[in-house]
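This report refers to the structure that appears directly beneath it.
Just so it is clear, the model here is predicted, and its values are computed rather than measured. In listed order, ligands and their atoms are each counted from 1.
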Amino acid sequence: MISNFLPSVGTILGAVIDVALVTALLYWLLSSIYGTRGYHLARGLLIILASLAVLSWLGKLFSSLQLTTWLFNNVATMMIFAIPVIFQPELRRALEEFSLDPFKNLFKAVPEYDIKRVINEVVRAVELLSANRTGALIVFEGKVGLKDLIQQSGTMLNAQVSADLLLSIFNTRSPLHDGAVIIKEDRIVAARVILPLADRRDDRIGTRHRAAIGISEETDAVALVVSEETGIISFAYKGHLTRYVELKDLPFILESFISPGGNHEK
Ligand SMILES: Nc1ncnc2c1ncn2[C@@H]1O[C@H](COP(=O)(O)OP(=O)(O)OP(=O)(O)O)[C@@H](O)[C@H]1O
């Protein structure tokens, strides 16, 4: 008798395969866009959708929560059409990369690196850039990836951070000096990257500083600026520009914002 109420082995197996397939698809989707600004948006949408799905399922179980069930059904349908539009560039790139190397995003190890060395090299470069009044914009990538910006406008370098390399890049005779340098962990990932400009209009600052504020508004990156006009060192974080940074304070400031794994803790 009880066996009438128990699901058959086939049903259980079907459900397990169903869940495994959806999980694998979502994992692939998220790992494909990991490193882009769309990743956190996609993760947020999935969390909302999963919460609504759980509530809707509970609603069905207890024959209540009709509004939640209605909301879930409509949001889910809407998202099927909205997601390809919102994530069009990321999905396109992910599919292209997938066709070239299907297992590229699996089994990535978390790298370890010497953060003190990176900071020392950056500070040494900033000291000379500031003294020589050479303009510079250095962005430290945080948890939010900047891969999409780099692919749109930058020149890939993927070189170890060193003061000499930073000085060569920002040398005004170098073809790479315009735009921003992106640092991820202990690598200079790219140079000549065009950043989104902050909307804020302020006559006291030009486009280099507005670009630093812009990227710090849109992501959790820290952007370091050396003014070409005055040699003043500034940094932008969470949309706020701190100017007149003293060189002696720079190592502590950078250390407090950057931690291994690309996470800014403050
Ligand atoms: N969107 C952007 N992304 C990255 N870099 C940019 C962007 N816009 C401008 N820059 C950089 O800023 C330089 C122009 O700086 P501009 O003089 O307008 O700004 P500023 O804030 O007054 O800086 P400075 O004090 O160094 O003069 C450009 O040559 C380029 O290297």
Checklist entry - Between Glu246 and Lys248, does at least one N-O distance fall below 4.0 Å, as a salt bridge requires? => result yes

Test item: Ile138 and Ile183 side chains (from C-beta on) under 4.5 Å apart, heavy atoms:
yes

- Query: Side-chain contact, heavy-atom cut-off 4.5 Å: Phe140 with Leu224?
  - Reply: yes

So the salt bridge (Lys or Arg N to Asp or Glu O under 4.0 Å) pairs with at least one residue in residues 205-216 (sequence neighbours excluded) are Arg208-Glu228

message = Please evaluate residues Arg124 and Glu127 with respect to the criterion salt bridge (charged side-chain N to carboxylate O under 4.0 Å, His left out), reporting the C-alpha separation (whole Å), side-chain torsions for both, the decisive distance (0.1 Å), and the verdict.
response = CA-CA 5 Å; Arg124 203 155 63 82; Glu127 179 177 13; over 6 Å; no

Under 4.0 Å from ligand 1, residues with heavy atoms, in chain and number order, are Leu137, Asp178, Gly179, Ala180, Val193, Ile194, Leu195, Leu197, Gly206, Thr207, Arg208, His209, Ala211, Ser227, Glu228, Glu229

Rounded to the nearest 0.5 Å, the CG atom of Asn158 sits from the CZ atom of Arg187 at a distance of 4.5 Å

